[in-house]
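First the proteins, then the strands, lettered A, B, ... as listed; each starts at 1.
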Amino acid sequence: MTDIQPARGTHDLIGEDQRRHHHVVETARHVSGCYGFEEWITPIFEDTRVFSRTLGETSDVVTKEMYTFEDRGGDSITLRPEATAGVCRALVTNGLTQSLPRKVFCSGPMFRYERPQKGRYRQFHQIDIELIGPSEPLADAEVIACGWNILKALGVHADTVLELNTLGDQDSRAAYREALVEYFTAHKGGLSPDSLVRLERNPMRILDSKEEQDRKIVAGAPTIQPHLTEAAAAFYTKVQEYLTRFGVPFRENPRIVRGLDYYSHTAFEFVTSKLGSQGTVMAGGRYDGLVAEMGGPATPAVGLAAGVERLAMLLDAAPLAPAPVAVVPIGDEAEAAAIGILQSLRAAGIRAEMSYRGNLRRRMERANKIEARAAVILGPDDLMQGVAQVKDLKTGAQEAVAIPDIAAYLT
RNA sequence: GUGACUGUAGCCCAAUGGUAAGGCGCGGGACUGUGAUUCCCGUCACUCGGGUUCGAUUCCCGACAGUCACACCA
């Protein structure tokens with residue numbers, strides 16, 4: 001044992017973990033591809049301002065969760081805590097605001113300095129979908145539908161509900177905020193200490209409180225509905241209509257508030273009951289102001305992100321490791337010939353392995369251990385006859401096959 | 001950031017105030033051209049630092065780490 005430990009909140013993906021992870025990302029890549037999203041790969045670190053400017057000065061992510069450091073040139077660098085800001089930056093710096101809409105798929109590691117627990121890590125992975133350009137509610141619905149289909153393709157949708165809300169436009173929000181401050185100030189005495197802070201900084205967050213004493217007060221709090229401008233209300237209604245068209249079931253939840261400040265209009269979360277308090281498995285919303293804040297032209301956009309680790313945990317069964325074919329030579333002469341067989345199998349697209357040492361018995365044990373589906377046994381006698389014994393390791397059936405025919409036989 | 005529980009080999013796990021058992025795995029053998037069974041042999045450990053004690057893996061304190069929950073979030 002060494003005294004070197006993995007850094008806190010990081011984890012290695014090996015074996016089954018890797019297969020689950022890979023399956024989630026592959027599925028998302030494929031499904032989003034069907035919706036016309038194309039993959040971008042953006043840097044995992046950015047100029048700190050990319051995040052500090054956009055995520056909200058008071059958000060937890062910016063105030064205490066960012067991995068920020070100064071590089072050797074004295075620039076402030078931050079490991080990305082989420083993908084959207086980087087995608088918007090890439091859109092602007094590549095001049096792509098001239099060719100909209102853009103439909104972007106991203107995946108990769110994100111970093112947040114938090115206390116690790118189940119489904120929460122300091123380096124974790126997200127899949128991310130951004131639809132940049134359209135201001136129409138159809139776009140919101142399409143992004144959500146794509147997310148829903150990813151969950152379906154993964155087989156985890158049964159335990160998941162889509163909770164939907166609107167945060168309204170600028171005017172709606174301002175009016176609503178005022179109403180909330182008025183209401184919560186009147187009930188100030190009953191609020192939890194945390195919520196008193198929220199009242200100062202971002203009163204909408206109180207709605208999301210899980211504190212028992214807050215919940216009673218929150219239950220009586222005004223909703224945004226009466227404060228929505230006509231346009232914002234109409235937009236929200238449209239999103240719901242389209243969702244129904246896309247066949248996505250949802251439940252309205254007027255308490256949904258996202259953790260990042262850049263959202264407006266549509267906000268949503270896919271929540272599962274199976275993951276304890278880390279039940280949010282996929283979430284997103286509309287962020288019409290973000291591209292402009294990055295220095296680009298005012299550009300509407302919607303997007304979502306999902307936690308790969310959380311989805312991987314929800315998967316019923318881990319994808320199986322592909323079963324190889326084991327080539328088993330007996331003696332040096334056979335080994336030399338076996339290399340030819342090995343390569344012909346691989347050239348035919350068959351996963352094939354030969355161990356590096358051991359007598360027949362050892363090699364058969366080894367074949368069993370790697371869960372080979374078949375063994376190609378090649379001894380001096382076989383070699384003389386130009387055949388190999390191909391044994392099915394499930395059934396135990398064995399047959400002599402002419403060496404040139406082995407690849408076809410095993411396909 | 002707050003709290004609870006845990007820390008014994010590569011992994012799972014037992015016992016003990018006098019330095020530790022078992023299982024899996026791994027290596028070898030019974031078995032010199034046939035695996036998953038069986039049997040035998042071997043291999044590998046008390047997170048770290050302090051305190052109490054003749055003596056601490058065991059008791060106490062602290063650090064660190066892990067797990068889980070809260071807050072918050074994907």
### Query
If the C1' atom of B:rU16 is compared with that of B:rC46, how far apart are they to the nearest Å?
11 Å

### Task
Sticking with atom C1', work out how far B:rA56 lies from B:rA15, rounded to a whole angstrom.
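Rounded to whole Å, the distance is 15 Å.
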
### Task
Looking only at non-hydrogen atoms, find the nearest pair between A:T78 and A:M66 and report the distance.
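Looks like CG2-SD, 3.8 Å.
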
#### Entry: Stem segments of RNA chain B by first residue number [Watson-Crick or G-U, under 3.5 Å, at least 3]
B:1-7 with B:64-70, B:10-12 with B:22-24, B:25-30 with B:38-43, B:47-51 with B:59-63

### Query
Choosing from B:rA36, B:rU67, B:rA74, which nucleotide comes nearest the side chain of A:P116?
B:rU67

### Message
Heavy atoms from C-beta onward define the side chain here; which of B:rC68, B:rA74, B:rG33 lies closest to that of A:I330?
### Response
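Of the options given, the side chain of A:I330 lies nearest B:rG33.
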
### Task
Go through the structure and list residues passing salt bridge (charged side-chain N to carboxylate O under 4.0 Å, His left out) with A:E252, not counting sequence neighbours.
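With sequence neighbours excluded, A:E252 shows a salt bridge (charged side-chain N to carboxylate O under 4.0 Å, His left out) to no residue whatsoever.
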
### Query
Can you list the residues that meet the salt bridge (charged side-chain N to carboxylate O under 4.0 Å, His left out) rule with A:E38, with sequence neighbours excluded?
A:R102

#### Entry: Pairs meeting criterion salt bridge (Lys or Arg N to Asp or Glu O under 4.0 Å) with involvement of residues 281-294 of chain A, two or more places apart
A:D140-A:R286, A:R286-A:D288

Under the rule for side chain to side chain contact (heavy atoms under 4.5 Å, CB included), what residues qualify as partners of [X], not counting sequence neighbours?
X      : result
A:R357 : none
A:T27  : A:H23, A:V31, A:A153, A:L154
A:T244 : A:F250

Atom pairs and distances, donor-acceptor, side-chain atoms in residues 334-352 of chain A, under 3.5 Å, two or more places apart:
{"unit_1": "A:Q343", "atom_1": "OE1", "unit_2": "A:R346", "atom_2": "NH1", "d": "3.1"}
{"unit_1": "A:S344", "atom_1": "OG", "unit_2": "A:I341", "atom_2": "O", "d": "2.8"}
{"unit_1": "A:R346", "atom_1": "NE", "unit_2": "A:A352", "atom_2": "O", "d": "3.1"}
{"unit_1": "A:R346", "atom_1": "NH2", "unit_2": "A:A352", "atom_2": "O", "d": "3.0"}

### Task
Indicate whether the side chain of A:E130 and that of A:Y287 have a donor and an acceptor atom separated by less than 3.5 Å.
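There is such a pair (donor and acceptor under 3.5 Å, judged by atom type) between the side chains of A:E130 and A:Y287.
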
Pairs of donor and acceptor atoms involving the side chains of residues 396-411 of chain A, under 3.5 Å and at least two apart or interchain, shall be tabulated with distances.
{"unit_1": "A:Q398", "atom_1": "NE2", "unit_2": "A:Q389", "atom_2": "OE1", "d": "3.4"}
{"unit_1": "A:E399", "atom_1": "OE1", "unit_2": "A:Y409", "atom_2": "OH", "d": "2.7"}
{"unit_1": "A:T411", "atom_1": "OG1", "unit_2": "A:A407", "atom_2": "O", "d": "2.7"}

### RNA chain B-proximal residues of residues 373-386 of chain A, any heavy atom under 4.0 Å
A:I377, A:G379, A:P380, A:D381, A:D382

### Task
Check whether the side chain of A:Q398 and the base of B:rU34 form a donor-acceptor pair under 3.5 Å.
yes

Would you list the protein and nucleotides 3-6 of chain B atom pairs, both N or O, that sit under 3.5 Å from each other?
{"unit_1": "B:rG3", "atom_1": "O6", "unit_2": "A:R115", "atom_2": "NH2", "d": "3.0"}

### Task
Could you encode protein contacts along nucleotides 23-28 of chain B as a string, one character per nucleotide from 5' to 3', using B for base contact, S for sugar-phosphate-only contact and - for no contact, with a heavy-atom cut-off of under 4.0 Å?
---S-S

